Amino acid sequence: MNETLDILRHSTSHLMAQAVKDLFPGVKVAIGPSIETGFYYDFDYDPGFTEEDLTKIEQRMKEIAQADIPIERKMMKRDEAIEFFTRMDEPYKVDLLKEISDPEVSTYTQGSFTDLCRGPHLPSTGKIKAFKLLSLAGAYWRGSEHNKMLTRIYGTAFADKKSLNDYITFLEEVKKRDHRRLGKELDLFSISDETGAGLVIYHPNGAILRYLLEDFERKEHLKRGYQFVYGPHILKLDMWKKSGHFENYRENMYFTKIDEVEYGIKPMNCLSHIMVYKSQIRSYRDLPLRYFELGTVSRHEKSGVLHGLMRVREFTQDDAHIFLRPEQLHQEILSIIRFVQDVMTIFGFQFEMEISTRPAKSIGSDEDWEQAEAALKEVLDSEQLPYDLNEGDGAFYGPKIDIKLKDAIGRKWQCATIQCDFALPERFDLHYMDSDGKRKRPVMLHRVILGAIERFLGVLIEHYGGKFPVWLAPTQVMIMNITDEQEPYVRAIYDRMVNEGIRTALDIRNEKLGLKIRESVLKKIPYMVIVGKNEMENNSLTVRVRDGVELKDITVDDFINKVKEDNTLRR
RNA sequence: GCCGACGUAGCUCAGAGGUAGAGCAGCUCACUCGUAAUGAGCAGGUCGCGCGUUCAAUUCGCGCCGUCGGCUCCA
């Protein structure tokens, strides 16, 4: 975001705070920064605000903006500021000031409202022309769930009305692409409170999409030297104790008891893969060993975080665990990144990378963590791949490279992740026989490419806006007749196409062509084959392509080849 | 989990302290109609679940479940 917009939004958040203080005496202000999509301000106000209040606040904001009140910066000694905000009865500002070590702080005053703020700000409220308050939400003071929950008001502001309207249009577009809405419209999946929150039920259209993604993945993994394995869904509790999951991940796990023995339902797939590794003595010549599983895991996510397919309680990861010698780390991490690049290119995603380091709750020695973090950084640095650092956000057993996808409308989603682990090989006493005849400890990489199939599918739905490329479209071709006369002919074409493995549907209802086309368009089916008297006489097809182009007089063979080509070229 | 809003027919949504409507979808009938909705008729709901207030509650109150917008957390 550019700096001008940043200042404008920050000033708009102050404008909102002033309006709120005007309208609701006794309100205490917390913080109000500009953000990527606009701004917010957190307030402590006991009765809370209602949606109608937003309109009132917006109205008051307009008045203050019109009054064109100057915004004045003033330096204060820190102690002086503490005294000032104590007098103003603004405990949150005092709280902030107590953590500032600078002897002097800046404040900004507009009319009756003074805020502790680094700035900079616009010279006066009259410069604020285009803004809108968007939503109301709860937010913890200083982002900690142990603190008081404040009320946050979100809004946005732009330099002019047009940009604001463009943004509002964009928000509507986002709504239209929402995978939960499209999931219903395209009959892809459902999540029912009768079966349970966060548990996905795939309908035929969603199931075929999942099948296609999984089929794609299996092929791509085989090409790259991965071996398929399968593990059980429940493993004895002792295993989870040994791995550290019980200690570090218990609150996310489900447990069950069978014949007085306790089991944990797997939240991750690594333990079975470790058992495969352990099943034989391994030679340095065997490494790297790459075990792949479309592994379904269950995690107890807090109720408030569930969100369509993006955040669920049971999901399937395209998970692999790679066992290797330490000196193979660089090469292997690099090939995984290349793998991610290859796959994301096919789907048309750009991505960004992030390295996450040791979290508070973790296992393993300091040296191992340092070594693992260094290995990850070294690969990205030497390949000159840019990345951000996310301190303290690693998995409990090792640091990770997270890959965030940017979808068609610029939103970011975390899907792929590569985690470097020295701890579990230690805990499970894994080893291999090295060339010098000594037993050595392998390193383990945990990695996913798509991440969770559910989330990736959700991202894909929104990325394509439901218009899946031909190779992924649940129904690739809809064949429709015009009158009953063509029914046998159209059925024969349908049978041939299905036989050729093309996902075809047939609409021979006694309905007008306009209706059939409309319904097919709404289902976002890539190809519509229209057969009337003319086509039947010429032994040809008229094909209406989703984007509106029409293929006239194409033979059935040519059309079948065209769809097949779309499949092989994945387009 | 926390804050707030919401939960009425398969879907989208109206509505009111006296046990409910619309459009689309569905079913039936007629129409055989060439590029985004043919017409008519019919059927469809213990108004999320439980408890309470009331002569009476789906409408008011409380609790639970779920959804949505966020926060915290995450693939």
Side-chain angles (χ1 to χ4, degrees), chain A residues 40 42 44 47-53 134-154 175 178 180-181 184-185 187 190-198 249 251-252 267-269 295 297 299-319 356 359 393 395 400 402-405 413-417 419 446-456 458-459 480-487 508-523 528 530-535 542-544 548 550:
Chain A
Y40 67 79
D42 287 347
D44 185 355
F49 302 109
T50 63
E51 301 283 336
E52 294 88 75
D53 291 338
L134 297 171
S135 61
L136 220 46
Y140 297 109
W141 168 236
R142 317 213 83 179
S144 165
E145 60 183 323
H146 304 295
N147 290 341
K148 183 167 184 184
M149 172 79 56
L150 308 174
T151 306
R152 175 172 296 180
I153 301 178
Y154 282 93
K175 252 191 196 161
D178 190 314
R180 292 164 301 186
R181 176 193 182 127
K184 212 177 268 177
E185 285 175 10
D187 197 15
S190 60
I191 297 170
S192 159
D193 58 327
E194 284 178 86
T195 31
Y249 207 73
E251 59 278 17
N252 283 297
M268 298 186 196
N269 302 302
V297 296
R299 297 184 185 176
H300 180 209
E301 300 292 345
K302 290 181 181 174
S303 62
V305 308
L306 302 175
H307 179 92
L309 293 179
M310 303 302 196
R311 199 70 186 275
V312 295
R313 285 188 171 148
E314 195 175 275
F315 55 98
T316 298
Q317 297 178 301
D318 58 337
D319 206 1
S356 297
D393 209 29
K400 56 183 184 168
D402 282 332
I403 291 158
K404 296 205 151 83
L405 302 185
W413 302 97
Q414 207 221 294
C415 292
T417 170
Q419 306 171 347
H446 308 236
R447 52 101 285 187
V448 290
I449 304 293
L450 304 186
I453 301 285
E454 284 73 7
R455 177 178 291 180
F456 192 77
V459 174
M480 44 190 87
N481 60 339
I482 291 173
T483 69
D484 290 349
E485 209 185 316
Q486 298 93 39
E487 192 185 319
I508 48 167
R509 291 173 304 164
N510 180 15
E511 293 289 352
K512 288 195 161 176
L513 184 62
L515 182 85
K516 295 187 183 184
I517 288 174
R518 178 185 154 77
E519 290 186 358
S520 189
V521 169
L522 291 176
K523 286 183 193 154
M528 279 174 253
I530 297 161
V531 176
K533 209 172 173 185
N534 301 337
E535 287 79 5
T542 295
V543 180
R544 182 171 154 145
E550 214 167 82

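If you're wondering where the values come from, they're calculated on a predicted model, not measured in any experiment. Quick note on labels: first sequence line is chain A, next is B, and so on, each numbered from 1.
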(request) Any chance you could list the contact pattern along nucleotides 24-29 of chain B? Use B for base contacts, S for sugar-phosphate-only contacts and - for none, protein heavy atoms under 4.0 Å, 5' to 3'. (result) ------

(message) What is the distance, to the nearest angstrom, from the CE atom on A:M310 to the C1' atom on B:G70?
(response) 17 Å

(message) With a cut-off of less than 4.0 Å, is there a side-chain N or O of A:K400 near OP1 or OP2 of B:A75?
(response) yes

(message) In the structure I gave you, are the side-chain heavy atoms of A:K148 and A:D44 within less than 4.5 Å of one another anywhere?
(response) yes

(message) Looking at B:G1, I'd like to know if its phosphate oxygens (OP1 or OP2) sit under 4.0 Å from a side-chain N or O belonging to A:S303.
(response) yes

(request) Go through the steps to decide whether A:Y140 and A:R142 satisfy the test side chain to side chain donor-acceptor pair (under 3.5 Å), and finish with yes or no. (result) CA-CA 6 Å; A:Y140 297 109; A:R142 317 213 83 179; over 6 Å; no

(request) State whether a side-chain donor-acceptor pair under 3.5 Å links A:Q414 with A:T417. (result) no

(request) Compare side-chain N and O positions of A:Q317 against OP1 and OP2 of B:A75 and report whether any pair is under 4.0 Å apart. (result) no

(message) Regarding A:R181 and A:E185, does a basic nitrogen lie under 4.0 Å from an acidic carboxylate oxygen?
(response) yes

(request) Please indicate yes or no: is the ring centre of A:F315 less than 5.5 Å from the centre of the six-membered base ring of B:A75, with the two planes inclined by under 30 degrees? (result) yes

(message) So that I can tick it off, tell me whether A:E511 and A:R518 are bridged by a salt bridge, with the cut-off set at under 4.0 angstrom between side-chain N and carboxylate O.
(response) no

(message) Please determine whether a side-chain nitrogen or oxygen atom of A:K184 lies at a distance below 4.0 Å from atom OP1 or OP2 of B:G10.
(response) no

(request) Would you indicate, yes or no, if B:C71 has its OP1 or OP2 atom less than 4.0 angstrom from a side-chain nitrogen or oxygen of A:Y40? (result) no

